[in-house]
Structure formats: structure tokens, C-alpha cells
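The next block holds one structure in the form of C-alpha cells; read it before the comments.
Below, read A as the first sequence line, B as the second, and so on, with proteins coming before strands; counting in each chain starts at 1.
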2 protein chains.
Amino acid sequence: MPTSSRFAVAVHVLATITLRDGAPVRSEDLAYTASTSAVVIRALLSRLSDAGLTTSQLGSGGGALLAKPADQIRLLDVYEAVEDTELFTMHRKAPCKDCAVGGSILEAMQPALDRARAAFENELARVTVAEIAAEVVRIGHITLPLTW
Amino acid sequence: MPTSSRFAVAVHVLATITLRDGAPVRSEDLAYTASTSAVVIRALLSRLSDAGLTTSQLGSGGGALLAKPADQIRLLDVYEAVEDTELFTMHRKAPCKDCAVGGSILEAMQPALDRARAAFENELARVTVAEIAAEVVRIGHITLPLTW
DNA sequence: GAATATGCAAGTGCGATTGTTACACACTTT
DNA sequence: AAAGTGTGTAACAATCGCACTTGCATATTC
């Protein structure tokens, strides 16, 4: 399963921008801290921007900024902005519809899977980027404002 | 996020075996209802067997059987038996440890991600294969015992 | 002994993710 | 205005896991 690391990197990026407190952060710098490339970061920022979480500032001294306060960005918002695949992947080819079980297994599973997904999303909705950023400060003994 | 369809197919397989009520089911027949190949099913059954959920019977008239009652097999057991990847995929390359955020972002996110995962697993633990099989019967208007 | 069914290994095809390179475009500064 | 800076995007290669197929050894039932 090519599983994507986009969610983790996106939270990393948003926490970094948050701690810069208003100063734009270049995709190149974000790429450095996240151990990836600037192109990947820009693709990520493109999704975050589409979701209304960030904005970008062109030209010298430019970079990425938050489009709204960090305490109003939930991890669920980030997750939905950057993650493409469903939590559960069903049969690659639809099950045999003429079979007793195959004909209704998907419908039979759905409520249970929906509840699991809802519980999952509910927890992600409880945490904001601001809280993650605060945790970073607490754990890392960082002195603000951030220099690097 | 998992992109394998193993979990869905495994639940399908277990529900089918459940409704056969004691009669072994050949991997070839399971492959047919799940629209896949017998080799894929056998690989799946190998994992389920390792987890103590199924057993296999060789020879003519053989096939897969449940290793314990269907109402004692939780969807969480199935999920853990067949799914390899973590719910959240972290950075492909570890983030820059010398950076203010990179040095502690993983640790900072972990509690929130753990809560989401726990909520997810908790819901999957509430549902059993027996309940899914009962839903299949209810939705599909099936007359037991299962002929196909 | 013959037929049946599982278990497993090797090789192919496919799709998503990530990384790389290249270039056009917009904005800021001098 | 011109130069420098940074974003946005496209095209391509590399990698990885999943799923499919083929082939065969092994164990069990009839």
C-alpha cells in the first residue's frame, strides 16, 4: 500500500509555520526540516491552500502563511485536505453479485466501518494545530520566536 | 492509511465460512465469491490461520474452517491479522533532528494519533463476524443453510 | 493409488507516492 | 524598469506494496 506520509508532513509544516508567528516560510526551508524536497512541499501546500488552511506569498521574503489562526485548524481538516484514500479499501473487483454473501457483504459491513471511521475522525477533530505546536515547544524546550 | 483490500476480503471470507456452518469451504470457492484468485485467498487464510482465527483441512472435501465461534471473532482481530501498515504513516525519511520543530514533531503528534487509533480500534472491537454474517442474511434474504 | 486441496515460491503488471529536473509566472526590492 | 526571489506546475524516473498468474511439492481423503 503505497501509503502516503502527507498527513504527517502537513502537520509538521503547519506547526512550523505556526511557530514562525506571521513570518512567511519558504518551501525550501520547510522541505529541509521535513527531510523532503521543495516540490513535494509545494504540492502539499497547494492542497492545504485549496482547503483554505494556508496562503502563499510570492517574491522575495515570501513563503507560506496560515490562512486562519492555528487554534482553528483541526487535525481532521488537515487530514481531509491532503489524504486521498479511504480509510477502508474494499474489494479491488466488486464481489460476485450472484453469490449469497457476495451480493450483500458490502452493505452488511458498511455501518460498522462507518462507525469506526466516525470515531477516528472525531478524535482528529478534537486536536488543533495550535495544540501540536504548543507540544513541540514544550517537548523541545524551544525559545520563541523560532530562528530555524 | 491502508490501501490493501485484505481486510474487506477477509471479512467476506469469514462471513462466508460462518454461514456454511461447519462445512469446509475451498479457497477456490471463496475466490469466486470475492472476485479474486485462490492464491490470494490462501495467502489471506494463512494470515488468519496464524492469528488463530481459521484452520484448514486438506484433501478431498477439505477447505477452510473457523478456529473459534464467529461471535468470538471481532473485526479488530481480523484487521490486525491481515493488515500490515500502520494507520498513520510518518515521514519517509526522519525529520531533521537539529531543527526546532523537526526534533520533536513526532513525539508531539503521537498522543493525538494514538487516541485516534484507539477510538478506531475500539469500534472495530465492538463488532463480530457473527454480527456481519447475520446482517448478510438479513439484507440478502438468504435461506440457510447456504448452498453457494 | 488416484483425485483433491492446501502451501508456497517466482515472476509480471499495475497504481500511488516520492523525488528530480525544468521552466513559466508573479511579486518584491533596488 | 531590471534583477532577484519564490511559487506553481508539468514531465519523467525510481520505488514500493498489492494483486494476479503459473507451477509444483505436500498432505489428506476416497
Inset, instruction - Check Ile41(A), Leu14(A), Thr33(A) against Val9(A) for a side-chain contact (heavy atoms from CB on, under 4.5 Å) and give me the one that passes. - result: Ile41(A)
Legend entry - Given Val136(B), Ile139(B), Thr16(B), the one that forms side-chain contact (heavy atoms from CB on, under 4.5 Å) with Ile105(A): Val136(B)
Is there a side-chain contact between [X] and the phosphate of [N], meaning an N or O under 4.0 Å from OP1 or OP2?
X: Ser5(B); N: dA19(D); value: yes
X: Ser56(B); N: dG7(C); value: yes
X: Ser4(A); N: dA16(C); value: no
X: Ser27(A); N: dG6(D); value: no

Legend entry - Contact letters for nucleotides 19-30 of chain C, in which S counts primed atoms plus P, OP1 and OP2 and B counts the base, heavy atoms under 4.0 Å: SBB----SBS--
Inset, instruction - Can you figure out which of dT18(C), dT17(C), dG8(D) approaches the side chain of Thr85(A) most closely? - result: dT17(C)
Inset, instruction - Check the surroundings of atom CD in Gln72(B): do more than 12 heavy atoms from other residues, nucleotides or ligands lie under 6.0 Å from it? - result: yes
Inset, instruction - Answer yes or no: are there more than 12 heavy-atom neighbours, outside Glu107(A) itself, under 6.0 Å from its atom CD? - result: no
Could you tell me how far apart [X] ([atom1]) and [N] ([atom2]) are, to the nearest whole angstrom?
X: Arg26(A); N: dT5(D); atom1: CZ; atom2: C1'; result: 9 Å
X: Glu28(A); N: dT5(D); atom1: CD; atom2: C1'; result: 11 Å
X: Met90(A); N: dC18(D); atom1: CE; atom2: P; result: 16 Å
X: Arg6(A); N: dT17(C); atom1: CZ; atom2: C1'; result: 7 Å
X: Asp84(B); N: dC16(D); atom1: CG; atom2: C1'; result: 13 Å
X: Leu65(B); N: dT6(C); atom1: CG; atom2: P; result: 10 Å
X: Arg47(A); N: dT7(D); atom1: CZ; atom2: C1'; result: 17 Å
X: Glu86(A); N: dA16(C); atom1: CD; atom2: C1'; result: 15 Å

Legend entry - First encountered from the 5' end of DNA chain D, between Ser46(A) and Gly62(A): Gly62(A)
Legend entry - Sidechain-backbone polar pair: Thr54(B) side chain, Ala64(B) backbone, donor-acceptor under 3.5 Å: no
Inset, instruction - Answer whether the closest heavy-atom distance between the side chains of Leu44(A) and Val82(A) falls below 4.5 Å. - result: yes
Legend entry - Donor-acceptor side-chain pairing of Ser27(B) and Arg42(B) below 3.5 angstrom: yes
